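Working notes for the structure below.
From a predicted model like this one, the values you see are computed outputs, not experimental measurements. A note on names: the letters A, B, ... follow the listed sequences, proteins ahead of strands, and every chain is numbered from 1.
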Amino acid sequence: MATKVIMPSLGLTMTEGTIVRWLVGEGEPVAKGQPLFEVTTDKATIEVEAQTTGILGKILVAAGITVPVTAVIAYITEPGEVVAIASGQEKAPASAKPEVVPALEQIHREPGQRIFISPRAKKAAREKGIEYSPIQGTGPNGRIVERDVLAYAALATAVRISPLAQKVALASGIEVGGICGSGTHGKVMKKDVEQALAPPVPVVAVKPIARTIPFSGIRKIIAQRMAASSQTAPHVTLNTEVDMTETISLRKQLLPEIEKITGHKLSYNDIIIKVVSRALSEHPLMNATLQENAIHLQEDINIGVAVDAENGLVVPVLKRAQSKSLAEICIESKKLVDKARAGKLLPDEMSEGTFTISNLGMFEIDTFTPIINQPESGILGIGRMVAKPVAVDGQVVVRTMMSLSLSFDHRVIDGAPAARFLKRIKELLEKPLLLLT
Amino acid sequence: MVTETGLRENAVADIAPLLIIGGGVGGYVAAVKAAQLGAQVTLVEQDRLGGTCLNRGCIPTKALLKSAELVDSLGKAHSMGVMVDGFKIDFARMMARKNQVVTRLVKGVEYLMSSNKIRVIKGKARFLADKKVEVTRADGLPETLFPGKVIIATGSEPAPLPVPGADGSRVVTSDEALDLKEVPPSLLIIGGGAIGVEFASIFSSLGSKVTLVEMMPRLLPVMDEEIVGVLEKALVKKGIKCITGARIISISDGENQDDKLVRLSKDGQEQSITSALVLIAAGRKPYTAGLGLENTNVKVERGKILVNGKMETNIPGVYAVGDVTGGILLAHVAAAQGMVAAVNALGGSQEADLRFVPGCIYTSPEVAGVGLTEKEAKEQGKKVKVGKFPYNANGKAIAMGEQEGMVKLVCDEEFGEILGAHLVGPRATDLIAELTLAMQAELTAAEIAHTIHAHPTLAEAIMEAAHTVVGKAIHI
């Protein structure tokens, strides 16, 4: 019995999804829990797992097509089972609501296996010129009866086509079964027949282009959000350099302990999250969202961590950082970043951020001008940690310095308060023991 | 989460909150569609919901046309065996009833908004940037919105006539004509399109001496010529003077204090007509005054907001529908476009299919048409087969005493493809639906001819006209 694979609902407000690609080929075996296909909504690209074990018998909707949630996109069959769908409906039109096509179940019979069929059914099959061995009988003992033959005949030959298109097709003698329909529910319309009849258009030589990336899905979403943020929030970016000597020492001391508790290595980002959370709790205006005519000082400190995922920038959110220990931050951030890189973040894990941190240090970037992640009011850019000569007590010494770039929304905060916030972060990183006060 | 004062700013995981500017047919339909799809919708309307259609257009004129139709019927009552002993017209009551109809429908739209949890702000919206809109609310408080998506549906307003005296006293537009306090003894209507023709019909029935002036060579220039000819004959029979191919030179005060003097030119000859009231119904233009589009990058061309087939402007996430985009200025087009824009604003990718848009004139007799006129089909080089059936051979029409008119199907000879369908006669505006559906579903004349139509109905005439396309009709 074929199992339907449907476009899943991946969020409360999702109405449609676009299939990015199939991860299993038609006819290949698939196990329950195995990633089956990738879907993109307006939030992210997500992998969907197979719900049953079997063979991916039939793919109804190809990659690149958008279908509504709960639309049937494929069938997983049992080994040996064959799924036949009425021709003309194999390709679901891009944005119509496809009707569920009843799967025509065919029985796989061993050669020589006795087929029970009524004389009337046999006569009907002969009249219609169809081979009855694949028909599933609904009569006693699985006997094929006349109505089974009639139903099978109707489905197997039905092509949905408009009366006008049918006339055009008949006049030209073209075989309708092979035409892909553009009308409602895949109905073949006049222009589809005309297109099928038209001589192939000679390929015109085009100027060679290096590569075209479709401006859709994640890329488009990022583009819209960045443009919106950049255009509505007046960004000012403050820079400062932090002497990381004490933080480096702190991390060294805590490394074995954190590893014991969490199984992971404590990262500088984890410490920065902790420090920023503390600074945010002291500077609530930096942990605010501008909504309508009010500045909403948020109770929770939810830190978004910018992650460079395969399809583009994605920002998982570490919630309620104010009440989390370094160990908890370490575990959670690792989990979120891994999920983000794998494209497995759930919409809940990407929402309700109040402040974002973006680290480009691993690319040897010092300062930059990060764009605020709306509706937040600020974003902290982290640069690389680099040993450089600095002046300490009149002497030139080598210290490991790190640049911080704080972009803030000047509608919500002024330069001085923002600078005080940044200074505090610097202070906490240069004297991390202050976290205990 | 919606707070007290409006849209929540766009957060990463939400469907982008949607702002719709304009609560007319384009706007409110888009709002309901979007709400049904789960979006958080805010709609700004500066006047009454329902826009032009409900308040200053379709609905009030239809209500008045019904009263006018009743006047006409009472005029024929004796011949129907109803011995009415004279009757009076109470214009104030007629207008009051019209207002009741309008108010009822406006309340209906208000209910639709609240039942779909759409936030309606009464106020004037003005763009400060592509996605930043300031609303001056009716209660005086300003509000700034940062929508994720916007649908502009601000509609249209009567176009001014660039002629000296057009802004003088006793020169009105259709808006004002619907608020008159008394029936003018004489009325000169400039513009022989749908609006002009309907007003001519109303006021003529109510006793005005009506003159209808049209610039093009004939009335209703976009509809089928033969069909319009039947209407024109009926209008003339009613006493309406129709002057086509005429250009207005000027409007001034007449000799008599209560009159206007209109000078026009036709075939090189000048004419002067006096009339108590002048109605300018010479077209409508997109309404974007005070919208602040100059603060955005939205492309506008001669007042119209430019959109692609998906109703999106050049700015992603900003859509426009209805009269403000130009195109076909009909409520049902605005509604269809509104639904497409709503779906697309929420991530969909639909195109508005406007291939088969019916046009209706609610005069007596009614006129309706969809698709190509006979002339257009021939100009396009089609091998045209026309099927006609007159209502004076239709039992129902004769029984109703309204046998003036006909059904005309313009088909392609090869496959019977229906290229256009045109009706003049009773209930034409409702009957056209069958033909619009047939064209959308690519039914040919044969399918219509072979469909059993109930007897006795006006619709049978459609079946018979289809028969004449594929063979021969029975009843003629």
Worksheet item: Can you name the nearest heavy-atom pair linking B:Ala441 to A:Ser162, along with the distance?
Response: O-CB, 3.6 Å
Discussion item. Rounded at 0.5 Å granularity, tell me how far CD in A:Gln291 sits from CG in B:Leu145.
Written reply: 12.5 Å
Worksheet, complete the sentence: Looking only at A:Ser229, A:Ala171, A:Pro163, A:Gly304, the option with the highest number of non-hydrogen pairs under 4.5 Å against chain B is A:Pro163
Worksheet item: For B:Gln36, does the CD atom have more than 12 heavy-atom neighbours from other residues, nucleotides or ligands under 6.0 Å away?
Response: yes
Worksheet item: Where on A:Val317 is there a heavy atom nearer than 4.5 Å to chain B: the side chain, the backbone, both, or neither?
Response: neither
Worksheet entry | Approximate separation, where rounding is to 0.5 Å, of B:Thr144 OG1 and A:Leu290 CG | 9.5 Å
Item to complete: Find out whether A:Lys190 and B:Glu417 are in side-chain contact, i.e. whether some heavy atom of one side chain is under 4.5 Å from a heavy atom of the other.
Response: yes
Discussion item. Need one label for A:Ala227: side chain, backbone, both or neither, based on atoms under 4.5 Å from any heavy atom in chain B.
Written reply: neither
Worksheet item: Any salt bridge between A:Lys167 and B:Glu447, counting N to O under 4.0 Å?
Response: yes
Item to complete: Let me know if B:Asp412 has heavy atoms under 4.5 Å from chain A in its side chain, its backbone, both or neither.
Response: neither
